[in-house]
Number of protein chains: 2
Amino acid sequence: MVQKSKPPAAANQPERRGEPERRGQPKRRGRPRAYEPDIALGKALDLFRKQGFAATSLDDLSAATGMNRPSLYGAFGDKRELYIKSYQRYREEAAASMVEIFRQEMPLRQRLERIYAAALDIYLSGDTGPRGCFTVVTAASEAVGDPEIRAMVLDGLTGLDKAFASCFRRAKEKGELPESADPVALAQIASATIHTIAIRSRARVPRKELEAIVKGAIDVMVGVGTRA
Amino acid sequence: MVQKSKPPAAANQPERRGEPERRGQPKRRGRPRAYEPDIALGKALDLFRKQGFAATSLDDLSAATGMNRPSLYGAFGDKRELYIKSYQRYREEAAASMVEIFRQEMPLRQRLERIYAAALDIYLSGDTGPRGCFTVVTAASEAVGDPEIRAMVLDGLTGLDKAFASCFRRAKEKGELPESADPVALAQIASATIHTIAIRSRARVPRKELEAIVKGAIDVMVGVGTRA
DNA sequence: GGATTATTTTGCGAGATGGTACAAAAATCG
DNA sequence: CGATTTTTGTACCATCTCGCAAAATAATCC
């Protein structure tokens, strides 16, 4: 019941005048934690991504995080809350790996290639097999029955749509797409391509094939109106 | 523990020379069933589609089908087998609702419109909310861990790809698409569009929006190379 | 050192879960 | 009618499930 990596001992600047806030090290009072919440949440996320909510027991989570059940409960709340926090964590990580690609200046085609490469990295990672996209996994399971979770999923879906849409709008302004191109429609195809590779990755379709799908989709998206 | 619709009493032709086969009514020997396997399987499918495998208990299934657990077990095997049979049933129904549209002669655009309309009917049906596509639901949950189920999912995915591909190939032969169009790439976009509306339907995106997505995708697919 | 605070640990308990054993029930056969 | 066959209904089991209470532990504060 102990996590591998010990708290990195970086917690040793007395920090006088300690505000109750977690500035530096406010010298917490009681028994120190035997785990790092961040890495525990990461382990929980891994499990949920692989197995889904219902198929993952608290014992599974306890074993994976190295925290026993009451600690888990104290740190994250009940199973559903832990799932929600895991999902938020996933969204943050996914966004972090994409935001740079969306921000930097580069040709449309290259941007799309990089985004899909990053997506594939996320979906195909995992020691025990590819784990797909957590948004898609959640949509397929908890989203129908749980309004709060559904709202988060919806937010994730539309967030991606918007990011792609602004990406195509910019490309159009820069003349990379013809006037007739519809950024919103293209964005939905781009999102759909994300979704299809997320699903196929769970069926263990090999990366090569997923990359071929991506390439075909990109060709269509950037090629609209430019041929024939 | 009794299903609504009684066995439709149509079972009353003595059928002499009864082979053991279920030709007509071989006059089964023991106590008659109190349920119809077909409608019970349908109810089980409904539940699995809504809740997924892990979140659906045998008690749920027992209540929904009107069969008690031993009968359920006797008729379909254990929970996993019942899930598999439910999925096969789903595939048969889905295929049945599509096959005519793929077979009949009609313009590409109309064919696509009809296919997506049929898909939306399937995904959005359900008294307690939309249930999405069972292939997608299964891909997102059981497919990673269960090789047999994964194979079925894969078969479902590629089946759709192939149907779309042949659809675009025919359209190209009929001159509805330019020579430069790539039927396989278009098919993958068509499949991706199916997947994206399946996922979004689970997030309760209203039908109007899904139809807008479909329309945009169709415009791109049939419009490749025909504008500008 | 003792009080306080925060966390871990053990363990429990009420209920659900998947699966099955077994007897009763309902039909046909002879 | 009795024998046979098939299905139903009840009851049960071993296990897992989630959540929590209570005690033990380890740190800081005074």
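Naming: A, B, ... by sequence-line order, numbering from 1 per chain.
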Considering the terminal five base pairs at each end of the helix from C/dG1-D/dC30 to C/dG30-D/dC1, what angle separates the two local helix axes, rounded to 10°?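 Here the helix ends are tilted 10° relative to one another.
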I want to confirm an ordering. Mapping A/Pro32 and A/Asp60 to their closest nucleotides on DNA chain D, which one lands closer to the 5' end?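 Mapping each residue to its closest nucleotide by heavy atoms, the 5'-most match is A/Asp60.
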Ignoring hydrogens and angles, are the base of D/dT6 and the side chain of B/Arg29 linked by a donor-acceptor pair under 3.5 Å?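 Such a pair does not exist between side chain and base.
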Going by the rule salt bridge (charged side-chain N to carboxylate O under 4.0 Å, His left out), which residues pair with [X] if we only count those two or more places apart in sequence or in a different chain?
X        : value
B/Arg150 : none
A/Lys162 : none
B/Arg89  : B/Glu93

Kindly write out the residues that satisfy side-chain contact (heavy atoms from CB on, under 4.5 Å) with B/Ala54, not counting sequence neighbours, or none if the list is empty.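 Here the qualifying residues are A/Ala54, A/Ala55.
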Which residues satisfy the side-chain contact (heavy atoms from CB on, under 4.5 Å) test with A/Ser57, sequence neighbours excluded?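 A/Ser57 satisfies side-chain contact (heavy atoms from CB on, under 4.5 Å) with A/Asp59, A/Asp60 only.
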Checking B/Tyr87 now: which residues fulfil side-chain hydrogen bond (donor to acceptor under 3.5 Å, both in side chains) with it, not counting sequence neighbours?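 In terms of side-chain hydrogen bond (donor to acceptor under 3.5 Å, both in side chains), with neighbours along the sequence ignored, B/Tyr87 is linked to B/Thr135.
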Using atom [atom1] of [X] as one end and atom [atom2] of [N] as the other, report the distance to the nearest whole Å.
X       : N      : atom1 : atom2 : answer
A/Tyr83 : D/dG19 : OH    : C1'   : 21 Å
A/Leu72 : D/dC20 : CG    : P     : 13 Å
A/Asp59 : C/dG11 : CG    : C1'   : 13 Å
B/Leu61 : C/dT17 : CG    : P     : 11 Å
B/Arg33 : C/dT28 : CZ    : P     : 15 Å
B/Arg31 : C/dA25 : CZ    : P     : 9 Å

Given D/dT17, C/dT8, C/dG18, which nucleotide is nearest the side-chain atoms of B/Ser57?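 Side chain of B/Ser57 sits closest to C/dG18.
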Looking only at side-chain atoms of A/Asn68, point me to the closest of D/dT6, C/dT9, D/dA26.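 Within the option list, the nearest is C/dT9.
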With sequence neighbours left out, which residue pairs that include part of residues 142-163 of chain B fulfil the ring pair (Phe, Tyr, Trp, His ring centres under 6.0 Å) condition?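 For residues 142-163 of chain B, and leaving out neighbouring residues, there are no ring pair (Phe, Tyr, Trp, His ring centres under 6.0 Å) pairs at all.
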Output one line per pair: protein atom, nucleotide atom from nucleotides 19-22 of chain C, and distance, for all N/O pairs under 3.5 Å.
residue	atom	partner	partner atom	Å
C/dG19	OP2	B/Lys79	N	3.3
C/dG19	N7	B/Arg69	NH1	3.4
C/dG19	O6	B/Arg69	NH1	3.2
C/dG19	O6	B/Arg69	NH2	3.1
C/dT20	OP2	B/Tyr73	OH	2.4

Verify whether the ring centers belonging to A/Phe134 and A/Tyr123 lie closer than 6.0 Å.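 No, too far apart.
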Distance test, side-chain N/O of B/Ser71 to OP1/OP2 of D/dT8, below 4.0 Å: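 Indeed, a polar side-chain atom of B/Ser71 lies that close.
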Side chain to side chain contact (heavy atoms under 4.5 Å, CB included) between B/His195 and A/Arg200: does it pass, once the steps are laid out? CA-CA 10 Å; B/His195 298 156; A/Arg200 291 171 199 263; 3.7 Å; yes
